[in-house]
Structure formats: C-alpha cells, structure tokens
2 protein chains.
Amino acid sequence: MPTIKDVAKSAGVSPSTVSRVINNHPRISSETRKKVKESMKRIGYHPNIIARSLVKQKTNTLGLVMPYSTEEAFADPFYSEILRGIGSVAQDKEYSLLLITSNGEQEELEVTLKAVRSKRVDGLLILRAKSNDALLKELKELETPFVVVGRPEDEKNNFWVNNDNIESTKNLIEYLIGLGHKRIGVITGDSEYIVYKDRLEGYRRALYHNGIEYNPNYVIQTTGHHGLTTRYTKELLESYPKLTAIFAVDDLIAYGAILGIKELGLKVPDDISVVGFNNNPLSQLITPALTTVDINIFELGSTATKSLINIISEDPKEYYHEIVKTNIIVRDSCGGDKGEVDGNGE
Amino acid sequence: MPTIKDVAKSAGVSPSTVSRVINNHPRISSETRKKVKESMKRIGYHPNIIARSLVKQKTNTLGLVMPYSTEEAFADPFYSEILRGIGSVAQDKEYSLLLITSNGEQEELEVTLKAVRSKRVDGLLILRAKSNDALLKELKELETPFVVVGRPEDEKNNFWVNNDNIESTKNLIEYLIGLGHKRIGVITGDSEYIVYKDRLEGYRRALYHNGIEYNPNYVIQTTGHHGLTTRYTKELLESYPKLTAIFAVDDLIAYGAILGIKELGLKVPDDISVVGFNNNPLSQLITPALTTVDINIFELGSTATKSLINIISEDPKEYYHEIVKTNIIVRDSCGGDKGEVDGNGE
DNA sequence: CTGAAAGCGCTAACAC
DNA sequence: GTGTTAGCGCTTTCAG
C-alpha cells in the first residue's frame, strides 16, 4: 500500500504538500494540486485514516450504544430504523459508526467506557434513556460528547432528542376518551425506561384533564416478553371486565395484547379498543390495523446525529434538546364505547 | 490523557517495558509487571487504540456491510437479530464493529471500498448475497478478508455462511404436500437476491420429487413493499382460485399475503394454508400463528463472525463455507386440503 | 529481563 | 506556495 511519501516522490514534491492537497489546503497552486492528484491516482493511493486520527486526535467516528437486550427487544424494528436515520447523516458528514453492543448493564458500561478512553470515538449516541443511569455519569466525568435518544433523568444537564411522550400520549388517550372510553387499561414496559414512565404520565394527565379517576389496578407492567404480555392482558381483562380499551405503550406490546383479547373470545375493536405506540410498520398489516402514534424514528436518529456532530465540533456552552414531532395514526382498532353510552364518570 | 510515557516515568521504567506489560509479554518480571500496573491504575492510563492500530497495521475492527434498503426492508428484525449474533462473538474476541450503511449500490461500493482502503477495518461481513455483485469482485482484488452471509454466486471462491435454503424449502413444501396440497402459490422477493432464488428452487424440487407439475403462473414476485404483497396475493388468488396454499418466502411477505387472503373473504387455514420463512418473532403472535422455518439468525451471525476472525488471523489456503441448520416451526396457518381429498396429481 | 532507538503514516508549525 | 522537522502514542527490533 502506497503512502504519502510514495505520492510525494512520484509527484516530485514533499509529503507535506501532498498532505495539503488531501486536506484541501487553500494556499496551494492549482498546478501542483493537479500534479499530486494525478500521482495519487496513478499509484493507487488512499489516505490512511488511522494515521490521520492519531495526529489529529480525532477519529471521525461516532459510537452507538445499543441497548443490551433480550432477543425480543431486539426484534423491535425501532433499532433498524433509527440506524437508518443515524447512518444517513453520518454518511453525509463523513463520520463512521462504531456499534457498541453488550449483554448487560455492567458490560455495557465497561465496553462503552473503553471505547471512549481508548479514543476510538469522538462522541456517543445513547439509544435509550434509563433511570439512574451510571453510564451517563461516567461519560460526563470523561467529558465525552454524547447525546441521548430519549429524555434523560437530568434533562437540564444533558443533550438529548426525544418525542414529547407525555403530550403525545395525552393526545392519544384523549382520542380514546373522545370515543367514549373511560376505563382504559394500560400495558406498560419496564419502568426503568423513562419512555414508559412518560407515557404513563401522559395517560394520567389525559384522565385528569377529563375528570376521570386514575386507577392503578388498571396498569400492568410487562417485561417485554410477548408471551407474558398476552397473559397479563387476559388477567387484566378478567379482573376488570369493565375495561373498554387497552393502551399498550408500544405496538409490539399491543400485538400481544390483541392476541390476549382474542383468546378471551373478545373482539377488537367491537368489545375492546386497542391503541399502541411507535407505528411499527407491521401495525398496518395486522387485523384490525392498529391505531398508534408515529414517532418518526428516522428523524429521531438523524436529529440526534446532527446534534452530536454539532456538539463535537462546536462545543456549545449550553445544554439543549430537541423534540421530534409525533402524530396519531388512526386505523381500525378503536371503536366507541358501546358499554356505557350515558354517564360521564366512574 | 496520560500516555505510555507518563506511566513509564511514574513507574520508573522505560516505555517499552510498559508496552510489554500491556501486551502480556512473557519475559517480564512479575515485580515490574505489578509496579507498572499500579502506575497505570494510579494515573488512570488507558492505551490508545489508534496508535496501536497504526503500528500494528491492524485495527481489530470488522466492517458490517448492511444492505442499502428501503424503509420496509429495514423493518425486518433479521438485521437486529444478526447484529446480536455478530456482536456477541465480536465482543468476546475483542473486535469492534464498524457499521457501513449506504443508500444505494453505488454508494455502498464506494463507502465499503473506502473503509478498507483507508485501513479502517481488518475484514468485512457482507450481510446479503446478490447476483452479479460488483462489491465482491472489488473486494477480492483488494485482498480484504470477507465472509458473506448467504450463498454467493461464485460459491467455490468465497467464504460464506448460510442456511441450506433449497433443502429447507423443499422440506417445508413437502410438509404442505403431505397435508394434501398440490396447487401452491408462491410470493417471492427480488430475484436479484440469491436467497429468494434458492427458496424458489427448493419449491420446484419439492414439486418435482412429488410428481407435481411446476406452474410459473403460480409464482409472483413482489418488491418487498407490503401493500403490494397484499394486492398481488389477491390478484393471484383471483386468477387461480384453485390454489389451496401460499408459500411466502419471508414471514413479512406472509403477513401481507394473509391480509390479502382475509380481504378476499377467505380464511387461513380453512380456505388457504400459508407458510412463511425466517420465523420472525411476531409470527407466533399473529392470528393464525404462522407456520414457518426458523433459520437461526443469531447463529448465522455468530458463525459468520467466527469465520471472519479466523480468516483474518489464520489466512486459510482454501475457501470454505458453513451451513446453519434450520427447522420447521409448525403452528396454525396450515390445514389439510379439503378441496380435493382424492387424486394425486394435476 | 529491560532500555534505547526507530518508525507506523500522517499533519502542522515554522521557515524560506 | 512549498519544504523541513518534529511528533501524535504506541510497538518492536536490537543490544546488553
């Protein structure tokens, strides 16, 4: 493999001149520039990025911290889709992407810290927001630029991009309320993840704003294991047969819920309405097609990446965050509440 | 950030000694080893991987060439899952993962070649097998180690890992035939991808081995766009109402097919049986639960990664490939052919 | 078993 | 506008 020296010899200039044309240095005669470029092409030269990184103390690489996760969480196309968004701007801005995977909290911490300490990456995209996140604390001490996709607990002192999960959920639930539903069950995920906390909060606010009392018994927390979701849904509906709608905090959970409802011999939306969240591409294919919230995952990824690159290069003095719009996608999984056409309270 | 020199000073040894303890050099006194390790810890030293890569001419990084793809192809959890398999062994063997994404054939080629020419990666995992693949040709010229996940066209002169798609499909179709089906429609994907070619071939072989004539009109090629899948399925069934089963070359396609069947007012499996492929985690959740083939995606990823690492370090003289086992998952989407209980041919 | 010195391929003052 | 020189942080002969 030819190096910059070979090009220099072949073009009859010094290595620094070659370096300058590579880096588009302004003060270089168009003549030598041309000469050098020809030499590069002739001998098949390509700059060694590693060497450049070493002297520049910059790798032009972004680390992607994937959630360590069960098989099933990974089945979530969320990650494929956000990778698309991230990849698209990284490509554009000439950044590479280092995938950081792990099998648990401890390993995630170690692997991620190693990547930054060993100077493999210029910054990180954290693809989830958790409570009490040890990773974020360590990262701040290392002064690594990072942006989290989601709302971190300490939202004033981090860079992040997210949907407004509280408000979006509130709107979604109010759509249900508008249809006449008052007793709405919730199947939520691991409360360690802030996204689920927020969606639950949105649910509560919707009830509150509409004078409906919040009943904690209507809320079931599942582990993300689909089989369990189905079972929990059935148990919930058996315990509280007056429920007329189910809010699943994620479409994948909604699928399990719908299955549970069907297994009970009930119909969606005739007996029970169901809403999900995230607008999984499959949600338009199931029967009934699922009413859900499109959270614009691609944009979440691209926005976060732009932010990170900006932070790396500009070192902004103030923390900031960005909110990506959502919109409700009304499909066929909700009906009016036929069980209680009069009255307006519990 | 402290460097090896700082450690050396602090421990009262030379930089080379420090380097030796980092690299577990055998001929080093356990005393100095201890002393050096303490110094490293004390001053918070972490080796700079970039510098090491430069001198070793090795990055310990694997490039992952993701298929450039539409929004919907990305929704396929195949990629999430294979990433898990890859990540798990890469982690274990201390390799990093560079994600290579692109928006089209040309960009994919450029970006990938750039990654290898600029010495960013030691080898590549190509996550798809296409006909007439320009990328593979270029890569061979560059003498980069790579393994393809799938069966490349020139199977004798490449490293690859794959399922036996032909045989697996043959078995799947024979399961259908065993149930009494003889007129089986096929919804397949882009024939540029060898996986779909092979599955179609398996279908033909199953028919052939059972004395059933192959009818090309029963085979529809879709683009992977779900909406179209649904429409094509309906058209197929309207044109050939005698079909009693549908073979979808991928579960995602099967979902669209099932929707089409339902829209026609027909029932699965009572009127039409459906089988898919890949065992998407959602396939157990839909109604009816889909009979499909589990292709062990995680193992596909881990096997390919082990192979690649082996190739990088051992430089084997012969090409080889590995086959990952599949197994049919029988669920509820197939019934016997009630339309034609007698007879055994067309 | 340890140290000195050279160098991986590139960039960046500093000269001229 | 271009060349010279030093050096990024590490590994690796070669001595001893």
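Just so we're on the same page: letters track the sequence lines, and every chain starts at 1. Model, not experiment: these values are computed from the prediction.
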Using a cut-off of 4.0 Å on non-hydrogen atoms, how would the nucleic acid contact of [X] be classed: base, sugar-phosphate, or nothing?
X: B:Thr32; value: sugar-phosphate
X: B:Thr3; value: sugar-phosphate
X: A:Val13; value: sugar-phosphate
X: B:Leu54; value: base

Counting just side-chain N and O atoms, does [X] come under 4.0 Å of either OP1 or OP2 of [N]?
X: B:Gln57; N: D:dT11; result: no
X: B:Asn48; N: D:dC8; result: no
X: B:Thr17; N: C:dG3; result: yes
X: A:Ser29; N: D:dT2; result: yes

If I take atom [atom1] in residue [X] and atom [atom2] in nucleotide [N], what distance separates them, rounded to the nearest angstrom?
X: B:Ile43; N: D:dG9; atom1: CD1; atom2: P; result: 13 Å
X: B:Arg20; N: D:dC14; atom1: CZ; atom2: C1'; result: 11 Å
X: B:His25; N: D:dT11; atom1: NE2; atom2: C1'; result: 11 Å
X: B:Asp6; N: D:dC10; atom1: CG; atom2: P; result: 9 Å
X: A:Ile49; N: D:dC8; atom1: CD1; atom2: C1'; result: 17 Å
X: B:Lys5; N: D:dC8; atom1: NZ; atom2: C1'; result: 9 Å
X: A:Lys34; N: D:dT2; atom1: NZ; atom2: C1'; result: 19 Å
X: B:His46; N: D:dG9; atom1: NE2; atom2: P; result: 15 Å

Is A:Arg33 side chain donor-acceptor paired with the D:dG1 base, going by distance under 3.5 Å alone? no
Looking at A:Ser19 and C:dA12, is any side-chain donor or acceptor paired with a base atom of the opposite kind under 3.5 Å? no
[X] has a side chain; which of [options] sits nearest to it?
X: A:Tyr45; options: D:dT12, D:dC10, C:dC10; result: C:dC10
X: B:Ile22; options: C:dG3, D:dT11, C:dA13; result: D:dT11
X: A:Val55; options: C:dT11, D:dT11, D:dT2; result: C:dT11

Rounded to the nearest 0.5 Å, what separation is found between the CG atom of A:Leu142 and the CE atom of B:Met1? 6.0 Å
Are side-chain N/O atoms of A:Arg33 and A:Ser30 paired as donor and acceptor at under 3.5 Å? no
Ranking B:Ala51 and B:Arg27 by the position along DNA chain D of their nearest nucleotide, the one closer to 5' is B:Ala51
Quick check against the 3.5 Å criterion: does A:Asn163 have a side-chain atom that pairs as donor or acceptor with the backbone of A:Ile295? yes
Test your reading of the model: is there a side-chain donor-acceptor pair from B:Glu153 to the backbone of B:Asn132, 3.5 Å cut-off? yes
Tell me whether the count of non-hydrogen atoms from other residues, nucleotides or ligands lying under 6.0 Å of NZ in A:Lys34 goes above 12. no
Under a 4.0 Å N-O cut-off, is there an ion pair linking A:Lys130 with A:Asp190? no
Which residue lies toward the 5' end of DNA chain C, B:Ser30 or A:Ile50, if each is placed at its nearest nucleotide? B:Ser30
